[in-house]
Structure formats: C-alpha cells, structure tokens
Amino acid sequence: MAAASATRASRRRAGRAAWAAAAAAACILGRGPPFAGAPGPSAGAPRTQTRARGGQVPSPDAPAVASGVFDPPTERQLWLAGRLAGRMDSEPPSSALRSEEACNEYINDMIMMPEPTERQLALAESLAEEAGEEMPVPARRSQEACSEFIDGMIAVLGPRPPSEKQVGFARGLAQEAGLDLPEGAERISNVCSEFINERLEEQYAQGLRPPTPAQIGLAERLAEEADVKVPEDVRARRDHCKEFLDGMIATRPPTKRDLQQAKFLTQRLGVELSVEALTRKDACRRWIEVLEEFTPPTKPMAALARKLAKAKNMHLPEEVLDNRRLCAAFIEQHEEDTVVEPTAKQIHFGETLARSAGVSVPGEAYACRKAMSKFIDRLTKYVR
C-alpha cells in the first residue's frame, strides 16, 4: 500500500514538472493568456503546498531541492511573467518557471521596477543618436538600465557639457556663497552637478532653502489624512520636507476604487496581487498601470469603441481591442465630440439611483452615454 502511494506521488510530481515545462514553453513562444480557456492541471491534480528547507526559493541555476517539491506556476502566471520579461527583451529566470512563489516575486519585481525619468530618456536618446546606435529596449523601461546605458555612452563619447540652465543655476549658487565655480564646471556636466549638489546640501543644513508653499500645503494635507503633525524641521528644510512627502505618499493606502480595479485586473489575468499593492497606493496604481497593458478591454468598452469608430467613420486599430489602456484612451479621445446612446443597463442603473435619491434622470443622460455616466457617478457618492 505504501509503495503504491509513493508511486502515485511520484507520478503526480512528474506530471507537474512536465506540465510546468510545457507551460513555460508556451509562455516563451508567445501564446496568449487563457482568458476563456480551459483550466490548467491544477484543476484536475492535487497541488501539495511544500517548500524547500527554510522556505527559500532556489536561485535560477540551483539544482532541484531534494527536501521538498515546489508548486509550479499557473499557466497564466507564466504567460504574464513572459510578457513582462519581453518588455525588457529578456526571459524569466528559471526559478520563476519552476516555483509559483518565485514567479509571483518576479512578477511583482518587474511591475515595481522604476522607469527612467523623462530627463534620463532624453539624454539617453541624444547620446544614442550621437553615437549612431539604437537605444536598447531595457534602457527605455528600466531606470537602472538607462543609467548604465548613459554611463557607457559617456565613457565612449567623452564627458557631456552641462546645459545652459545648469550653468546658470551653478553661477547663481556660487555668487550667493561668494565663491568661484570649480575648474571644469562650465564644461563638464558631472563637475557642474557635483558643485550644485554640494551647495544645495550646505544651504539645506543652514536652513537657507525652506520648502515651497506648495510642498508645505501638500505635507499638511497628507499629515491631516494620517492624523499626524508636520515636524518643525520639515517646515524649515526643503530636503527634509521632500523626505517627509515621499514617506507619507509611500505609506498611503490605496483607495477602494484602486483596489477594486487592481483586483479586477489580476483576476482577469489569473495572477495574485502583491501585499505591497494591497497596502500602498503608489504600488497599487503601478500594478494597474502595467496590467492594463496586458488586459483586453471589457465587452462594453470594446462595443463602445466600435460605436465611436463607426459614428466617426474611421478605422478602429486592432490593438485598441486587445489592450484595455489603449481602448480607454481611444474612448476618451473620441467620446467628447461623438454622441453615443447609453446602454439599457446604464439607463436601468441610472433610474434606480434616481429613485433612491428622489430625483429625475436628466434628458441629456437618456441621449448621451457620457452624460448618463456622469449622472451615475454623481449620484453614487450620495446614494451608497
């Protein structure tokens, strides 16, 4: 009996391993997500919740752990991991293809990866054009990769001159302090930047650069929301005020609407929302922003986009019907000057809210979908 049980367990493990390999291959080959598809092996086979010793996920090149079996990622997790890796022109690490936990961590890391600033991108594109090279895909997506690309280009092309704005700002700081600009500050961007940073740090320490009124106002609003007081040093020093703002923004919980949207997207994609996104507004918004790239629009959104395109006698790009974000942008762009009637569902919901609030549905709401949507949004705040 024990031998038969061991054999069955061995077969299950082998089946899971084979399935995970097949799913990974499908992911890398670019097959689409099973939005309407059949259930994966998890629906028909038990999944033992076992972990390696110490609960640690193995490194990408680590051998199979003899002390435990990892749950393989779902097909949808693998698909999303593959798409996120594709944005960086790479492939998911082998650990993410073997372990559900590692795959979840990889997905979250890729979503939360800081993107380059507009200034970084502009400099990187300028350097690439000067060198006659194509800017690599990762440099457009990752702040770290963009910085590395810029450093590499500067090493090849030589130091960059500072901008006129940089030089003017540096001269102003030097004049205030009664100093001369250091050698090379007007010719080399890095030298100029270092001087500016040193002078600003000294001014912050001396309290010579207080926060702007806008910064103080935002700090007070955030402090009031969190039921805390704005510290005096935050009111006196701009660098401390910035740190306070960054910390308060990072700890703000997501709104109910953001959570609903994020959960809706993760459920459609069949992946798990990270704890970070469940507890931090900025992380939740980032998940929404990225996942919308890989989520098809809802049927009502697609239907509205088709109506708008037909009303304006224009071609509807295929990617609009594949990408929720592009579809929303298309609707927003063309809905202003196009009248589309509300759906029967909208009318019914609007009338229900109007009865509860003791008001009438305005005539324009019956004629225009957008007017009905605004009417519903306005009443929802008071009725619910």
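At distances below 3.5 Å, not a single donor-acceptor pair connects side-chain atoms of Ser99 with backbone N or O atoms of Ser95. With hydrogens and angles ignored, the 3.5 Å screen pairs no side-chain donor or acceptor of Ser142 with any backbone N or O of Pro138. Listed for the Arg324 side chain is no donor-acceptor partner under 3.5 Å among the backbone atoms of Pro296. Checking side-chain atoms of Ser90 against main-chain N and O of Ala85 turns up a donor-acceptor pair under 3.5 Å. In this structure a side-chain-to-backbone donor-acceptor pair under 3.5 Å is missing from Arg187 to Pro159.
Between atom CG of residue Leu291 and atom CD of residue Glu289 there is a gap of 10.5 Å, rounded to the nearest 0.5 Å. Here CG of Leu273 is found 8.5 Å from CG of Asn108. Values are rounded to the nearest 0.5 Å. The distance from the CZ atom of Arg235 to the CZ atom of Arg238 is 16.0 Å, given to the nearest 0.5 Å. With values rounded to the nearest 0.5 angstrom, Leu200 atom CG is found 4.5 Å from Phe169 atom CZ. The CD atom of Gln346 sits 12.0 Å away from the CD atom of Glu351 when rounded to the nearest 0.5 Å. The line from CD1 of Ile111 to CD of Glu276 is 10.5 Å long, rounded to the nearest 0.5 Å.
In the model, Tyr106 has no side-chain atom that pairs as donor or acceptor with a side-chain atom of Gln77 under 3.5 Å. Side chains of Thr117 and Gln143: no donor on one and acceptor on the other come within 3.5 Å. For the residue pair Gln166 and Ser193, a side-chain donor N or O sits within less than 3.5 Å of a side-chain acceptor on the partner.
Contact check on Arg83 versus Glu293 returns no salt bridge, with no Lys/Arg side-chain nitrogen under 4.0 Å from an Asp/Glu carboxylate oxygen. Under the 4.0 Å criterion applied to side-chain N and carboxylate O atoms, Arg268 and Glu292 are not assigned as salt-bridge partners. A salt bridge does not link Arg76 with Glu272: every distance from a Lys NZ or Arg NE/NH1/NH2 to an Asp or Glu carboxylate oxygen is 4.0 Å or more. Ion pair Asp282/Arg286 not flagged as a salt bridge, since none of the NZ, NE, NH1 or NH2 atoms sits closer than 4.0 Å to an Asp/Glu carboxylate oxygen.
In this structure Glu319 satisfies the side chain to side chain contact (heavy atoms under 4.5 Å, CB included) test together with Pro317, Leu326, sequence neighbours excluded.
For Glu224, the CD atom is loosely surrounded, since the number of other residues' heavy atoms within 6.0 Å does not exceed 12. Heavy-atom contacts from other residues, nucleotides or ligands closer than 6.0 Å to CZ of Arg325 number more than 12. The environment of Glu115 atom CD is dense: over 12 non-hydrogen atoms of other residues, nucleotides or ligands sit within 6.0 angstrom. Annotation: Glu144, atom CD; neighbour count of heavy atoms from other residues, nucleotides and ligands within 6.0 Å does not exceed 12.
Considering Met248, Glu220, Arg221 as possible partners of Val230, the one that fulfils the side chain to side chain contact (heavy atoms under 4.5 Å, CB included) test is Glu220. Results of the side chain to side chain contact (heavy atoms under 4.5 Å, CB included) test with Trp79 over Thr74, Val271, Leu269 single out Leu269 as the only residue that passes. Tested against Arg199 for a side-chain hydrogen bond (donor to acceptor under 3.5 Å, both in side chains), the candidates Glu202, Gln203, Glu201 yield a single pass: Glu202.
Follow the hydrophobic side-chain contacts under 4.5 Å out from Ile188 and you never reach Leu127; the two are in separate clusters.
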The test is side chain to side chain contact (heavy atoms under 4.5 Å, CB included); show your working for Arg355 and Thr352 and say whether it passes.
CA-CA 5 Å; Arg355 282 194 297 270; Thr352 301; 3.6 Å; yes
Pair Leu84-Arg87, side chain to side chain contact (heavy atoms under 4.5 Å, CB included): steps then yes or no
CA-CA 5 Å; Leu84 289 168; Arg87 294 167 86 232; 4.1 Å; yes
Decide yes or no on side chain to side chain contact (heavy atoms under 4.5 Å, CB included) for Leu379 and Phe375, but give the supporting numbers first.
CA-CA 6 Å; Leu379 280 192; Phe375 174 73; 3.3 Å; yes
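The nearest pair of heavy atoms linking Ser274 to Trp287 is OG-NE1, 3.5 Å.
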